[in-house]
Visitor: 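Can you keep this structure in mind? I'll have questions shortly.
Within every chain, numbering begins at 1; the chains are lettered A, B, ... in the order of the sequence lines, protein sequences first and strands thereafter. Because only heavy atoms are used, hydrogens play no part in the values below, and waters and symmetry mates are left out as well, while side chains stay in.
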Amino acid sequence: MKKSDKLLLAVFLVLIPVTLFIGGKLPGKGYYITGIAVITELCAPFFASFEKSKPQARELAVLAVMCALAVAGRIVIPIPHFKAVFALIMLTGISFGANAGFIVGAAAAFLSNFFYGQGAYMPWQMMAYGAGGMIAGFAFCNFKFPKKPWIMAVFGFFATVFWIGPLLDCSHMFLAMPEISLASLAASLASGFPVNISQGVCTAITMLVFGKPLIEKLDRIKLKYGISEAENGL
Amino acid sequence: MSERSIDNSMKQDAFSKYHPAVNLLFFAGAVCLGALFRHPAYLIAAMCSSLLYFFALNGLKALKTILVLLPTLIFITLINPLLNTRGNTVLFLIFKRPYTLEALIYGAVVACIFFITVIWVNCFGKLFTADRIICLFGNILPNLCLLLAASGRILPKLIENSKQIATARSSIGKGGEKEAIKDKLALRFKILSALTSVSLENSIVTGDSMKARGFAAGKRTSFKPYRMTYCDWLAAGIMTAMLAAVFGVLLGGFAYAEYFPGFGIAEMNGRNIAGVLIYSGYLLIPSALQIKEKIRWSISRYGI
């Protein structure tokens, strides 16, 4: 058993249940604090394995560019309500593996909060964006989905609507809803659904138009300068 | 695009002269306590002090943020009774479900907590510039911090580059003055594509340059302009003591506040008065420091 696997098991079997147990006893809106604590614990194994993987300077620089590109998408494509950020994060995950996808997603969420003002939703955004990059990495690197534009577009749509979107909408329940219950979860998810659909469409369009060129560019960089995906894969 | 990372206005804030760890301790305490209290007295104390510091940091610009938040607060207040039908005093029936006074008041409490959290997190974001974050986490997560710092540098450059590409395209007649959204989108994707190629190539140069300067050659240290001084330790000690006192009142159950089925709110006895005073004292620390600084500045300026 690898060390990182042990850490992951320790987090899931010990740390999170203990946090939930203590968090359940807190008065008031203790669940907001508990939520942040659990997200931090979920992110910790990814960050730890990123530190352990000792990325080369070139890899780090490429990941930094992808992260900045995901945030800059909003400025480069100044069309209202058009968000390319999920697609760019997922493409990073597809090209560099699940772990790199998570790191770039989380970093992009942090960076965009940093530039546009910190919001109370930041931990959920980091988790959701990271999870988006991670699931794309799993699907296309570990399970070898074919990297065809239309497959990526369909995948991007469903991943946005049923994975990233709901994870983001959860934050409403923790922050703005009076209690944690199925009813408030349903209300949060329902209120976010139309936005998720529109963002899913944006993701699909970006994947369809920009997916193949970007993958080719990244593959070329990897081939030309010898940045291997195996080192960064989960 | 606001270049917040190179915003120098923070230099004027007195609290930001303390070590980032002290600042982090303060905000962690303020956000935690803000989310945990449901007692009206504590809520009012937290609202007033968070607003005071918010205005001290942002000036009149803060009003805009508050106005933007207001509809959300009203929405949270009004939506709670629809989800939650507990409570004794029924105001009216809606969708055949009771709309109760207790649920409405509790909605207002939740809206207050939401407001306090958002304001504190906003202040936190204003105070925590890139150098402070790297100072705090640079040793624990060196690669992640480097990634963040690097992409924070690349982001403004990317935006500048994208403008250059757009100008270059339009000067050879490919600027796309067409109005249709499809053409606009296609044009923008072309710019994004060119931008990606350029910046990926540049990133390799950056990476090689980093390696040539000894990246990963040994243990990395990070530049820290902050040091824990006597003052910082003192501030941290005082804050911890105050936090312990307030947490004692909270977890001891003295500041209980029940809203269902009827109101059951703790009286303002000695313990709670002391609790509110210590709590407000804690939350007012940054504002007080700033006011002290302002007074000192005006005294030195006018030579009183």
Side-chain angles (χ1 to χ4, degrees), chain A residues 26-30 32-33 47 50-51 54-65 67-69 71-73 75-79 82 84 103-104 107-108 110-111 113-120 122 175-179 181 183-184 187 205-206 209-210 213-214 217-218 221 224-225, chain B residues 1-2 4-5 31-32 35-38 72 76 79-80 83-84 106-107 110 113-114 117-118 121-122 124-125 128 130 141-144 146-148 150-152 154-155 158-159 162 181 184-186 188-189 191-193 195-197 199-200 202-204 206-208 210-211 215-216 250 256:
Chain A
L26 288 176
K29 275 177 62 114
Y32 177 66
I33 311 293
F47 293 161
F50 182 60
E51 298 297 338
K54 296 219 166 49
Q56 302 162 8
R58 279 170 170 178
E59 275 175 67
L60 258 179
V62 170
L63 291 185
V65 164
C67 173
L69 211 61
V71 180
I75 314 274
V76 179
I77 308 180
I79 293 166
F82 192 92
I103 295 291
V104 168
F110 187 85
L111 193 68
N113 269 288
F114 197 76
F115 270 83
Y116 303 107
Q118 294 286 355
M122 208 265 282
L175 194 58
M177 289 286 177
E179 57 184 10
S181 66
S184 63
I205 293 174
T206 313
V209 181
F210 196 55
L214 185 66
K217 282 181 217 290
L218 290 174
I221 286 278
K224 184 175 172 190
Y225 297 108
Chain B
M1 188 80 196
S2 61
R4 273 197 49 254
S5 51
V31 170
C32 277
L36 295 180
F37 275 117
R38 284 188 296 183
T72 321
I76 294 174
I79 200 84
N80 183 40
L83 292 171
N84 186 343
Y106 189 58
V110 172
I113 295 176
F114 173 77
T117 315
V118 169
V121 173
N122 224 308
F124 171 82
F128 267 72
L141 300 167
N143 287 330
L144 195 68
L146 184 66
L147 181 71
L148 279 175
S151 42
I154 295 167
L155 185 55
L158 279 188
I159 290 160
S162 78
I181 191 130
K184 235 183 188 173
L185 202 60
R188 286 294 159 178
F189 271 121
I191 293 176
L192 189 64
S193 173
L195 185 64
T196 315
S197 301
S199 32
L200 282 177
N202 284 348
S203 79
I204 294 296
T206 314
D208 287 348
M210 278 159 68
K211 200 175 176 200
F215 177 81
L250 175 77
Y256 64 89

Visitor: How many angstroms lie between CG in B:Leu141 and CG in B:Leu146, if you round to the nearest 0.5 Å?
Guide: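 Reported value, rounded in 0.5 Å steps: 12.0 Å.
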Visitor: What option among A:Ala57, A:Pro213, A:Cys67 has the most heavy-atom pairs under 4.5 Å with chain B?
Guide: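 Most heavy-atom pairs under 4.5 Å with chain B: A:Ala57.
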Visitor: For B:Phe215, is it the side chain, the backbone, both or neither that has a heavy atom under 4.5 Å from a heavy atom of chain A?
Guide: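 Contact with chain A is through the side chain of B:Phe215 alone.
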Visitor: For B:Phe128 versus A:Phe114, what's the shortest heavy-atom pair and its separation?
Guide: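 Heavy-atom minimum between the residues: O-CE1, 3.3 Å.
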Visitor: Can you tell me which portion of A:Leu175 sits under 4.5 Å from chain B's heavy atoms? Options are side chain, backbone, both or neither.
Guide: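 Both parts, backbone and side chain.
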Visitor: For chain A, which of B:Ile204, B:Leu148, B:Leu158 has the most heavy-atom pairs under 4.5 Å?
Guide: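 Greatest number of close heavy-atom pairs with chain A: B:Ile204.
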Visitor: For A:Ile33, is it the side chain, the backbone, both, or neither that has a heavy atom closer than 4.5 Å to a heavy atom of chain B?
Guide: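 Looking at A:Ile33, just its side chain touches chain B.
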Visitor: Does the side chain of A:Lys217 come within less than 4.5 Å of B:Leu200's, by heavy atoms?
Guide: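 Side-chain contact under 4.5 Å: yes.
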Visitor: Do the side chain of B:Ser151 and the main chain of B:Leu147 share a donor and acceptor less than 3.5 angstrom apart?
Guide: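 Pair found, side chain donor or acceptor close to backbone of B:Leu147.
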Visitor: For each of B:Leu144, B:Thr206, B:Leu250, B:Ile76, tally heavy-atom pairs with chain A at distances under 4.5 Å, and name the one with the top tally.
Guide: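 The residue among B:Leu144, B:Thr206, B:Leu250, B:Ile76 with the greatest pair count is B:Leu144.
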Visitor: Are B:Leu192 and A:Phe210 side-chain neighbours, meaning at least one heavy-atom pair lies under 4.5 Å?
Guide: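 A side-chain contact exists here, since the closest heavy-atom pair is under 4.5 Å.
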Visitor: Among B:Lys211, B:Met210, B:Arg188, which has the most heavy-atom pairs under 4.5 Å with chain A?
Guide: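 Greatest number of close heavy-atom pairs with chain A: B:Arg188.
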Visitor: Does any heavy atom of chain B fall under 4.5 Å from the side chain of A:Leu60, the backbone, both, or neither of them?
Guide: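 Contact with chain B: backbone and side chain both.
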Visitor: Counting heavy-atom pairs under 4.5 Å with chain A, which one of B:Pro142, B:Gly107, B:Ala186 comes out on top?
Guide: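 Winner by heavy-atom pair count: B:Pro142.
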Visitor: With a 4.5 angstrom heavy-atom cut-off, which part of A:Ile221 approaches chain B: side chain, backbone, both or neither?
Guide: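 For A:Ile221, the contact with chain B is made by the side chain alone.
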Visitor: Go through the atoms of A:Ala107 and report whether side chain, backbone, both or neither lie under 4.5 Å from a heavy atom of chain B.
Guide: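 The answer is both parts of A:Ala107.
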Visitor: Which atoms of A:Val76 come close to chain B, meaning under 4.5 Å heavy atom to heavy atom: side chain ones, backbone ones, both, or neither?
Guide: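 Backbone plus side chain of A:Val76, per the 4.5 Å heavy-atom cut-off to chain B.
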Visitor: What is the minimum heavy-atom distance between B:Ile191 and B:Ser162, and which atoms define it?
Guide: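 In this case the closest contact between B:Ile191 and B:Ser162 is CG2-O, 4.0 Å.
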Visitor: Contact between A:Ile103 and A:Phe47 at the side-chain level, heavy atoms closer than 4.5 Å - yes or no?
Guide: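 They are in contact (side-chain heavy atoms under 4.5 Å apart), so the answer is yes.
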Visitor: Which atom names give the shortest non-hydrogen contact between A:Val65 and B:Ser203, and what distance separates them?
Guide: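 So the two residues come closest at CG2-CB, 3.4 Å.
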Visitor: Counting heavy-atom pairs under 4.5 Å with chain A, which one of B:Val31, B:Thr117, B:Leu185, B:Asn202 comes out on top?
Guide: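 Most heavy-atom pairs within the cutoff with chain A belong to B:Leu185.
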Visitor: If you take all heavy atoms of A:Leu111 and A:Ala68, which pair is closest and at what distance?
Guide: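 Heavy atoms only, the tightest pair is CD2-CA, 4.4 Å.
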Visitor: If you count heavy-atom pairs within less than 4.5 Å of chain A, which of B:Asn143, B:Ile113, B:Val110 leads?
Guide: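 That would be B:Asn143.
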